[in-house]
Amino acid sequence: SRRQRQMCIRDSMWRDITYEYAEQKGVHAPEGLHRALNRLSLEQCAEYYQTLGVEGSVEQIAKELAACAVEGYRTKVEEKPHARQFLELLKENRIPIGVATASNREGVLLALERLGMLPLVDCFATCGEVGKSKEHPDIFLYCAEKLGGKPEESVVFEDSAYAIRTAKNAGFPVVAVEDGVSIHGEGAAETKDGIASMANLYLGDYGELIGRLTPVEDVSQGLGNLLG
């Protein structure tokens with residue numbers, strides 16, 4: 001059976017936090033800063049802000065960024081269209097679900113709880129806890145192991161080009177889920193066509209996948225067939 005790792009909430013909030021935090025600190029945020037920070041852990045983001053002139057220790061800056069994120073996740077972050085419905089479909093078919101995030105644990109858990117998805121999650125991990133960003137496969141491998149599956153038995157759902165590349169190189173089938181931030185990046189890979197070419201399957205939203213998987217007797221097998 002296939003284990004799932006989900007990208008199920010919108011992370012475009014980080015784009016706003018990136019520039020709002022720089023403004024609060026009185027430093028210039030270069031254009032495209034949110035894309036540069038998108039692939040970094042919270043601690044790495046703090047180090048980057050130091051290079052822009054933000055004063056304070058890495059720990060202090062990371063704590064401030066986390067506080068901004070917690071409030072955003074608590075009140076603003078939205079569900080990706082049909083994400084909870086898809087998670088419920090997986091749960092009904094006894095397919096375990098993991099969440100692997102580069103964001104702050106407290107904030108993401110608050111969002112998942114508010115959106116009614118937390119009870120559906122079997123495994124939760126952050127890049128900070130694993131010790132490496134999604135430039136490295138560690139967080140995907142960790143979740144797969146916790147869910148009892150090998151990479152080739154699991155499916156990673158992602159919206160960032162660099163994380164899709166990482167997961168694919170580690171042997172995971174990958175479903176790319178469209179996101180307004182990730183398809184307007186720098187370079188050919190960070191476009192809709194670039195992301196689609198790297199993934200096994202590209203979705204505009206989870207509703208597309210639900211439509212292609214139902215009605216089937218075995219959702220796990222149906223997903224496997226779609227991914228080749």
Side-chain angles (χ1 to χ4, degrees), residues 5-78 98-114 118 121 123-146 156 158-167 169-170 179-182 184-187 189-190:
R5 180 262 147 198
Q6 296 293 332
M7 170 60 68
C8 48
I9 56 180
R10 295 182 184 273
D11 255 356
S12 55
M13 175 196 72
W14 277 105
R15 175 185 56 194
D16 300 329
I17 288 176
T18 296
Y19 299 102
E20 290 171 1
Y21 183 75
E23 185 177 356
Q24 289 173 14
K25 294 297 181 178
V27 300
H28 172 67
E31 185 179 353
L33 177 62
H34 67 284
R35 290 193 291 270
L37 300 187
N38 182 51
R39 62 186 65 195
L40 303 181
S41 68
L42 202 58
E43 290 72 24
Q44 289 172 322
C45 288
E47 291 173 353
Y48 198 106
Y49 275 110
Q50 283 184 327
T51 69
L52 296 179
V54 175
E55 296 181 357
S57 66
V58 168
E59 183 180 17
Q60 179 185 345
I61 296 171
K63 187 176 181 180
E64 292 172 351
L65 288 170
C68 293
V70 165
E71 184 58 26
Y73 279 121
R74 189 197 307 274
T75 61
K76 297 177 182 179
V77 168
E78 299 173 352
V99 172
T101 179
S103 299
N104 168 269
R105 166 178 277 268
E106 180 186 0
V108 177
L109 289 176
L110 283 169
L112 290 172
E113 182 175 22
R114 174 171 54 83
L118 187 57
V121 174
C123 170
F124 185 96
T126 72
C127 288
E129 293 162 354
V130 174
K132 290 186 178 179
S133 73
K134 290 184 183 179
E135 296 277 9
H136 307 273
D138 299 59
I139 193 165
F140 300 123
L141 295 169
Y142 174 85
C143 285
E145 182 181 357
K146 286 293 182 181
V156 169
E158 260 294 349
D159 59 13
S160 297
Y162 80 98
I164 291 170
R165 185 183 301 109
T166 298
N169 288 342
D179 180 84
V181 174
S182 60
H184 294 102
E186 297 177 350
E190 296 184 1

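Just so we're clear, the structure is a prediction, and the values are computed from it rather than from any experiment. Residues: numbered from 1 along the sequence shown.
Ala125 and Val130 make their closest contact through CB-CG2, 4.5 Å (heavy atoms, listed as atom of the first residue, atom of the second, distance). Contact record, Val99 with Cys143: O-SG, 4.0 Å, taken as the closest heavy-atom pair. Closest heavy-atom contact between Glu158 and Phe140: OE2-CZ, 4.0 Å. For the pair Ala46 and Ala62, the tightest heavy-atom approach, listed with the atom from each and the gap, is CB-N, 3.7 Å. Glu106 approaches Val70 most closely through the heavy-atom pair OE1-CG2, 3.8 Å. Nearest heavy-atom pair, Glu43 versus Val58, reported as atom, atom and distance to 0.1 Å: O-CG1, 3.7 Å.
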(request) Assess whether side chain to side chain contact (heavy atoms under 4.5 Å, CB included) is satisfied between Asn104 and Thr126, documenting all intermediate values. (result) CA-CA 7 Å; Asn104 168 269; Thr126 72; over 6 Å; no
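Thr166 places a side-chain N or O within donor-acceptor distance of the main-chain N or O of Lys134, the cut-off being under 3.5 Å. No side-chain donor-acceptor contact under 3.5 Å links Arg105 to the backbone of Gly128.
To the nearest 0.5 Å, atoms CD (Gln24) and CD1 (Ile17) are separated by 9.5 Å. Summarising the geometry, atom NZ belonging to Lys132 is positioned 11.5 Å from atom CD belonging to Gln44; distances are rounded to the nearest 0.5 Å. Note that CG of Asp16 is 9.5 Å distant from NE2 of His34, once rounded to the nearest 0.5 Å. Of the inter-residue distances, the one linking Leu110 atom CG with Thr75 atom OG1 reads 10.0 Å to the nearest 0.5 angstrom. The CZ atom of Phe124 sits 4.0 Å away from the CG atom of Leu109 when rounded to the nearest 0.5 Å. Interatomic distance, Ile61 CD1 to Leu52 CG, rounded to the nearest 0.5 Å: 9.5 Å.
Within a 6.0 Å radius of CD in Glu55, other residues, nucleotides and ligands contribute 12 heavy atoms or fewer. More than 12 heavy atoms of other residues, nucleotides or ligands shown are found within 6.0 angstrom of OH on Tyr21. Heavy-atom neighbours of Glu47 CD from other residues, nucleotides or ligands within 6.0 Å: above the threshold of 12.
For the pair Glu64 and Tyr49, the minimum side-chain heavy-atom distance is 4.5 Å or more.
With hydrogens and angles left out, the side-chain atoms of Tyr73 and Ser103 include a donor and acceptor closer than 3.5 Å.
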